[in-house]
Amino acid sequence: MEQDSNLREDFQWKLWIYTNYDCNLRCSYCVAESSPSAPRRAISLETVRQLVDEAVAEGFSCVYFTGGEPLILEEIYSMLDYSSQRLPTVLLTNGMLLDAKRMERLRSIANDQLVIQVSLDGGRAEHHDAYRGPGTWARTLTGIRTLQANGLRLRLSTTETPANSAHLEALCAFHLSLGIPEEDHIIRPLARRGFSTQGLEVSVENLSPEITANLDGLYWHPLATEEDLLVTTKTFPLSEAMQKVRSRLLLQLPGQVEPLKTFT
Ligand code: SF4
């Protein structure tokens with residue numbers, strides 16, 4: 001038991017929420033197999049509120065909203081508002097849907113605990129568009145500048161791919177030129193899941209757990225809401241899933257897990 005309670009104290013629990021699975025893009029490396037024609041599979045606002053309430057009670061450090069493209073959803077602003085009033089909250093987006101109406105709604109809920117994380121895979125279009133599609137880099141850059149102009153807290157996420165791995169220094173110089181510091185840029189490896197036929201094989205054995213909710217239940221990590229990473233189909237109470245994850249971790253400890261810290 002002592003080992004268990006230490007684990008709870010030491011571990012920084014993160015909660016991920018898949019808000020939906022449809023997206024305005026169809027990136028060829030998308031682990032969620034999202035696209036404009038993917039079924040939406042949206043999670044409800046009521047479920048999000050309960051997840052956030054229980055995450056607060058259980059001492060989670062942060063909530064991440066991902067998809068699909070969450071900004072497609074009408075209720076995303078209410079979700080982000082509820083979450084960021086209670087915990088540090090990150091919205092993952094491709095940055096391409098930030099029209100005046102969406103921007104105004106984001107601005108209306110902005111606070112110090114809300115961060116918008118935009119995916120940017122290169123300092124030049126060809127390094128980003130290779131996996132995301134022609135014209136996406138330019139539109140994402142417009143989205144980044146719009147967020148900056150409106151004073152939203154912003155960070156960048158880069159997936160390292162064969163197209164950009166030799167150009168990451170140039171990307172860093174580029175984001176610095178945009179006024180985005182190193183601490184607001186993360187680089188994560190390509191994973192072989194979903195549409196991606198390249199990258200790291202990931203599993204419960206080599207992923208540090210980050211509890212991930214979708215409308216079907218709770219998973220080990222946001223890289224795959226698939227059967228092998230399913231923790232439970234019973235979303236509530238969250239504490240039961242945490243106990244299952246702890247038990248699994250204790251089986252693997254010590255030294256058997258090599259957490260891939262760079263994903264978030
Ligand atoms: S990687 Fe992101 S932007 Fe691309 S299709 Fe998947 S969810 Fe959409």
Side-chain angles (χ1 to χ4, degrees), residues 8 11-24 32 34 39-119 143 146-147 150-155 157 184 186 209-222 225 231-242 245 263-264:
R8 177 176 173 159
F11 200 77
Q12 288 282 299
W13 292 93
K14 296 172 182 171
L15 176 66
W16 286 78
I17 300 175
Y18 267 83
T19 53
N20 58 301
Y21 282 81
D22 52 338
C23 185
N24 52 312
S34 295
R40 176 154 292 180
R41 300 173 62 206
I43 203 164
S44 72
L45 177 57
E46 185 187 359
T47 302
V48 168
R49 284 183 175 150
Q50 189 172 347
L51 280 165
V52 170
D53 287 347
E54 295 198 16
V56 170
E58 296 296 336
F60 277 60
S61 63
C62 191
V63 184
Y64 295 82
F65 288 82
T66 189
E69 172 53 58
L71 287 175
I72 285 176
L73 289 188
E74 177 63 23
E75 288 188 317
I76 188 63
Y77 311 97
S78 301
M79 293 173 180
L80 294 173
D81 189 30
Y82 192 85
S83 179
S84 63
Q85 297 291 337
R86 291 158 178 82
L87 280 172
T89 295
V90 181
L91 167 69
L92 275 68
T93 175
N94 57 43
M96 291 175 58
L97 298 179
L98 292 163
D99 57 18
K101 190 174 157 207
R102 288 192 178 96
M103 201 58 246
E104 183 49 43
R105 295 191 71 180
L106 276 180
R107 232 171 34 161
S108 73
I109 59 166
N111 63 62
D112 283 350
Q113 293 212 102
L114 179 61
V115 175
I116 313 299
Q117 179 175 310
V118 179
S119 303
T146 302
L147 288 164
N150 283 276
L152 271 288
R153 287 191 64 197
L154 170 70
R155 69 177 197 169
S157 168
D184 290 332
I186 59 166
E210 301 183 12
I211 288 186
T212 302
N214 72 2
L215 77 170
D216 298 321
L218 299 171
Y219 298 80
W220 184 269
H221 195 277
T225 49
V231 175
T232 176
T233 56
K234 191 175 164 218
T235 302
F236 302 113
L238 201 50
S239 57
E240 280 186 15
M242 294 168 72
V245 170
F263 277 100
T264 55

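Quick note: residue numbers are just sequence positions, from 1. No hydrogens, no waters, no symmetry mates; every other heavy atom, side chains included, goes into these values. The shown structure was predicted, so the numbers you read here are calculated from the model rather than taken from an experiment.
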N/O donor-acceptor pair under 3.5 Å between [X] side chain and [Y] backbone:
X: T212; Y: E210; value: yes
X: R155; Y: I116; value: no
X: R153; Y: D112; value: yes
X: S61; Y: K14; value: no
X: E54; Y: L238; value: yes

For residues [X] and [Y], determine if any side-chain heavy atom of one lies less than 4.5 Å from a side-chain heavy atom of the other.
X: T66; Y: I17; answer: no
X: D99; Y: R102; answer: yes
X: V245; Y: V231; answer: yes
X: L98; Y: L147; answer: yes
X: L91; Y: Q117; answer: no
X: I76; Y: L71; answer: yes

Applying the side-chain contact (heavy atoms from CB on, under 4.5 Å) criterion to F65, which one of T89, T93, V90, I43 satisfies it? T89

Please identify which of these residues, L92, V63, T225, meets the side-chain contact (heavy atoms from CB on, under 4.5 Å) condition with W16.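 So, applying the side-chain contact (heavy atoms from CB on, under 4.5 Å) to W16 and each of L92, V63, T225, only L92 qualifies.
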
Could you grab the distance from atom [atom1] of [X] to atom [atom2] of [Y], nearest 0.5 Å is fine?
X: D216; Y: R41; atom1: CG; atom2: CZ; value: 5.0 Å
X: S157; Y: D184; atom1: OG; atom2: CG; value: 12.0 Å
X: E240; Y: T235; atom1: CD; atom2: OG1; value: 11.0 Å
X: T146; Y: M103; atom1: OG1; atom2: CE; value: 7.5 Å
X: T47; Y: F236; atom1: OG1; atom2: CZ; value: 5.5 Å
X: D22; Y: I72; atom1: CG; atom2: CD1; value: 4.5 Å

Tell me, please, which residues at least two apart from T232 pass side chain to side chain contact (heavy atoms under 4.5 Å, CB included).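 Side chain to side chain contact (heavy atoms under 4.5 Å, CB included) check on T232 returns L218, K234, A241, K244.
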
Output all residues satisfying salt bridge (charged side-chain N to carboxylate O under 4.0 Å, His left out) with [X], sequence neighbours left out; order by chain, then residue number.
X: D81; answer: none
X: E75; answer: none
X: E46; answer: none

For Y18, enumerate each residue passing the ring-ring contact (aromatic ring centres under 6.0 Å, His included) test, keeping only those at least two apart in sequence or located in another chain.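 Only Y21 meet the ring-ring contact (aromatic ring centres under 6.0 Å, His included) criterion with Y18.
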
Results of ring-ring contact (aromatic ring centres under 6.0 Å, His included) for F60 - residues two or more places apart only: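 Scan of F60 (ring-ring contact (aromatic ring centres under 6.0 Å, His included), adjacent residues dropped) gives W13.
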
Working for side-chain contact (heavy atoms from CB on, under 4.5 Å), residues L87 and C62: CA-CA 6 Å; L87 280 172; C62 191; over 6 Å; no

Quick test of your reading of the model: are R105 and E74 salt-bridged, counting only N-O distances below 4.0 Å?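 Answer for the salt bridge query: yes.
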
Could you tell me if N111 and S84 have a donor-acceptor pair between their side chains, going purely by distance under 3.5 Å? yes

Just by distance, no angles: are the side chains of N150 and R107 close enough, under 3.5 Å, to form a donor-acceptor pair? yes

Looking at every non-hydrogen atom in both residues, tell me the closest pair between [X] and [Y] and how far apart they are.
X: E69; Y: N94; answer: OE1-N, 2.9 Å
X: R86; Y: Q113; answer: C-NE2, 3.9 Å
X: G68; Y: P70; answer: O-CD, 3.3 Å

Could you go step by step and tell me if L15 and Y64 meet the side-chain contact (heavy atoms from CB on, under 4.5 Å) rule? CA-CA 6 Å; L15 176 66; Y64 295 82; over 6 Å; no

From CA spacing to verdict: side-chain contact (heavy atoms from CB on, under 4.5 Å), Y82, D53: CA-CA 9 Å; Y82 192 85; D53 287 347; 2.6 Å; yes

